[in-house]
Visitor: 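Provided herewith is a single structure, encoded as structure tokens, for subsequent inquiry.
Residue numbers count from 1 along this sequence. Heavy atoms only: backbone and side chains are in, while hydrogens, waters and symmetry mates are out.
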Amino acid sequence: MLVLGIEVPDDLLQRWLGWFAPPVQPFVIPPDLAASLELADDRDRLTPEVRDTFCL
């Protein structure tokens, strides 16, 4: 597939989809709110690409 006139391999396109439209969207709340609601703060499970894409 051509993207901006550059040939992009299928595996890279699939990674882009995972980065920009992950099947489970991150929903992050402040750590103190998570603690008060007794929710686990599991931000470490997010990949660097997801953290960067969603500015987390």
Side-chain angles (χ1 to χ4, degrees):
M1 169 176 261
L2 287 178
V3 177
L4 299 175
I6 301 167
E7 186 66 34
V8 177
D10 289 338
D11 64 321
L12 181 55
L13 285 173
Q14 291 305 311
R15 281 187 280 162
W16 285 350
L17 283 174
W19 297 341
F20 297 116
V24 176
Q25 299 287 314
F27 183 78
V28 181
I29 60 174
D32 57 333
L33 178 58
S36 72
L37 296 172
E38 299 180 6
L39 298 172
D41 184 5
D42 59 352
R43 295 175 198 215
D44 295 334
R45 71 177 171 79
L46 302 175
T47 65
E49 294 86 4
V50 169
R51 285 194 304 270
D52 288 349
T53 299
F54 291 93
C55 301
L56 301 175

Visitor: Do M1 and F20 belong to the same hydrophobic cluster, where Ile, Leu, Val, Met, Phe, Trp and Tyr are linked whenever their side-chain heavy atoms lie under 4.5 Å apart, directly or via other members?
Guide: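 Yes, M1 connects to F20 through the hydrophobic network.
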Visitor: Hey, could you give me the CD/CG distance between E7 and L12, rounded to the nearest 0.5 Å?
Guide: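 Rounded to the nearest 0.5 Å, the CD-CG separation comes to 11.0 Å.
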Visitor: Consider only side-chain heavy atoms of I, L, V, M, F, W and Y, link residues closer than 4.5 Å, and tell whether V8 and L17 are in one cluster.
Guide: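 No, V8 and L17 fall in different hydrophobic clusters.
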Visitor: Tell me, please, which residues at least two apart from D11 pass side-chain contact (heavy atoms from CB on, under 4.5 Å).
Guide: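 side-chain contact (heavy atoms from CB on, under 4.5 Å) list for D11, sorted by chain: P9, R15.
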Visitor: Can you name the residues that form a side-chain contact (heavy atoms from CB on, under 4.5 Å) with L33, not counting sequence neighbours?
Guide: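 In terms of side-chain contact (heavy atoms from CB on, under 4.5 Å), with neighbours along the sequence ignored, L33 is linked to I29, P30, S36, L37.
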